[in-house]
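Just below is one structure, and these are the notes that go with it.
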Amino acid sequence: MEGQGEPPNKRAALPLVAAPDAAPTVPGGGSDYFSRLPDHLLLRILLRLSTEEAAQTSALSQRWRGVWAQLPRLEFYLVESSVPARALAVDGDHGELDIHRVTVYSNQMDSQRTTDWLSLAAPRLSGVLYFDNSHAMSRETLQLFLHDVEEAVMRRGAFELPCFKKATVIRMDLGFLGLALPPAGVFHALRVMRLEHFWFRGQLSLSDTMLPSLRDLFIRRVRGLTILTLSSKSLLDIHLCLLPELRRLNILAPRLEELEVTGCFYVPESVASIAAERLEILKWEVPCVPELGEMPHLRALRVPPITTDWSEDFCADLNCFPAANHLALAIILGVSAYSLSWT
């Protein structure tokens with residue numbers, strides 16, 4: 001599964017020799033055997049600790065100082081909001097070494113603190129970025145985002161995502177921060193992008209120019225996004241959920257296999273166009289009839305409840321899906337609802 005594996009650890013090739021500045025003794029006259037260990041063995045010890053605990057080992061002796069900064073994984077769980085940036089700044093002294101995973105769980109970190117640590121992580125990360133900024137989200141914050149998004153963004157702030165050229169997975173629950181993509185730069189290695197709970201102004205376009213290797217895209221609970229254009233030769237899976245202001249969707253993805261769109265198109269006269277000739281699974285549960293290209297490989301189709309208004313247009317000619325062997329429909333007649341599943 002995408003995002004589960006770790007890139008090869010470039011740090012494992014450290015020489016198996018004692019460091020020349022290893023302290024031979026400890027207070028009391030005993031031998032300090034731990035300090036005589038080479039870096040790669042010390043790192044194995046530190047990997048069993050949290051990043052915060054590992055950093056505290058710098059106080060043990062001169063030999064241990066800064067060893068933790070060579071860790072291939074940095075993890076921060078509900079620490080003070082400035083800690084990730086300060087740790088990455090120390091880690092920057094070992095700039096020739098890649099970081100394979102950065103995990104940050106925070107309690108409503110603001111946009112400036114978020115920018116601080118992301119900008120330091122971007123040049124070094126060669127694996128997975130996981131950022132959860134939704135811990136202990138207050139009811140007031142949630143209600144403000146749902147009903148007065150402009151005020152919410154003014155309070156929480158917005159930031160520009162730096163370009164992660166070597167990252168393979170980006171998973172971020174932004175806790176209703178405002179988000180902007182970089183005006184230039186290429187995410188060369190990125191295969192998985194999952195973005196949740198954020199605000200985006202107006203139109204968002206994602207293409208091979210910026211994301212040449214992207215395979216899986218998941219976007220959920222976004223305010224302010226009105227037009228979404230996806231043009232990609234690499235995308236295999238797209239999931240769009242709860243984009244209430246979305247009024248135009250254009251997808252050109254010749255290799256796409258699965259598309260799910262739910263909770264979108266609440267704006268009148270919304271339009272959607274989908275060109276995905278290899279699509280196999282289509283879950284389209286929104287009040288908008290899409291313009292569909294040829295889909296000869298489609299085998300599973302889920303559509304919105306059928307009413308007398310428009311849904312019959314969607315299913316007017318099921319012969320356009322010759323490979324379909326599963327159809328899920330919900331039929332609404334007056335106040336009663338009946339579910340029909342055909343295989």
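Sequence positions, counted from 1, serve as the residue numbers for this chain.
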Quiz item: Do the numbers put Arg171 on top of the ring of Tyr130, so that NZ or CZ is under 6.0 Å from the six-membered ring centre and no more than 45° off the axis?
Solution: no

Quiz prompt | Under 3.5 Å: donor-acceptor pair, side chain of Ser213, backbone of Leu190 | solution = no

Exercise. Please check if the side chain of Lys165 supplies one atom and the backbone of Ala189 the other of a donor-acceptor pair under 3.5 Å.
Key: no

Practice problem: List the steps and the verdict of salt bridge (charged side-chain N to carboxylate O under 4.0 Å, His left out) for Glu196 and Arg194. | Solution: CA-CA 7 Å; Glu196 300 184 61; Arg194 182 182 180 114; 2.9 Å; yes

Practice problem: Kindly give the heavy-atom pair with the smallest separation between Leu292 and Met295, and that separation in Å. | Solution: CD2-CE, 3.6 Å

Quiz item: Does any non-hydrogen side-chain atom of Ile227 lie less than 4.5 Å from one of Arg247?
Solution: yes

Practice problem: Of all the heavy-atom pairs spanning Leu88 and Trp117, show the shortest one and how long it is. | Solution: CD1-O, 3.4 Å

Practice problem: Can you measure from CE (Met172) to CE (Met193) and round to the nearest 0.5 angstrom? | Solution: 7.0 Å

Self-check item: Expected output: side-chain Thr168 to main-chain Gly127 donor-acceptor under 3.5 Å
Solution: yes

Quiz prompt | Ile238, Leu282, Ile281 screened by side chain to side chain contact (heavy atoms under 4.5 Å, CB included) with Glu258, the one that passes | solution = Ile281

Quiz item: Leu118, Val186: one ILVMFWY side-chain cluster at the under-4.5 Å cut-off?
Solution: no

Quiz item: Is there side-chain contact between Phe187 and Leu161, with at least one heavy-atom pair below 4.5 Å?
Solution: yes

Practice problem: Determine the minimum heavy-atom distance between Leu214 and Arg191, stating which atoms define it. | Solution: CD1-O, 3.5 Å

Quiz item: What residues form a side-chain hydrogen bond (donor to acceptor under 3.5 Å, both in side chains) with Glu260, not counting sequence neighbours?
Solution: His239

Quiz prompt | Minimum heavy-atom distance Ser81-Pro84, with the two atoms named | solution = O-CD, 3.6 Å

Quiz item: In Å and rounded to the nearest 0.5 Å, what is the CG to CH2 distance from Leu301 to Trp284?
Solution: 11.5 Å

Quiz prompt | Atom CZ of Arg248: over 12 foreign heavy atoms under 6.0 Å | solution = no

Quiz prompt | Gap between atom CZ of Phe131 and atom CE of Met109 - 0.5 Å precision | solution = 5.0 Å

Practice problem: Check whether Ile99 and Val83 end up in the same hydrophobic cluster, where Ile, Leu, Val, Met, Phe, Trp and Tyr are linked by side-chain heavy atoms less than 4.5 Å apart. | Solution: yes

Quiz item: At what distance, to the nearest 0.5 angstrom, does CD1 of Ile251 lie from CG of Leu240?
Solution: 6.0 Å

Got a list of side-chain donor-acceptor pairs under 3.5 Å for residues 263-280, not counting sequence neighbours?
from, atom 1, to, atom 2, distance (Å)
Ser270, OG, Val267, O, 2.5
Glu280, OE1, Arg299, NE, 3.3

Self-check item: Rounded distance [0.5 Å steps], CZ in Arg221 versus CG in Leu243
Solution: 10.5 Å

I'd like a table of donor-acceptor pairs (distance under 3.5 Å, sequence neighbours excluded) in which one partner is a side-chain atom from residues 203-212, with atom names and distances.
from, atom 1, to, atom 2, distance (Å)
Ser207, OG, Thr209, N, 3.3
Asp208, OD1, Ser232, OG, 3.4
Asp208, OD1, Lys233, N, 3.1
Asp208, OD2, Lys233, N, 3.1

Quiz item: Do Leu195 and Leu236 share a hydrophobic cluster, counting only Ile, Leu, Val, Met, Phe, Trp and Tyr and linking them when any side-chain heavy atoms are less than 4.5 Å apart?
Solution: no

Quiz item: According to a 4.5 Å side-chain heavy-atom criterion applied to Ile, Leu, Val, Met, Phe, Trp and Tyr, with indirect links allowed, do Leu252 and Ile219 form part of one hydrophobic cluster?
Solution: no

Quiz item: To the nearest 0.5 Å, how far apart are CG in Leu249 and CG in Leu228?
Solution: 5.5 Å

Quiz item: Given the rule that I, L, V, M, F, W and Y join up when any side-chain heavy atoms are under 4.5 Å apart, are Val222 and Phe218 in one cluster?
Solution: no

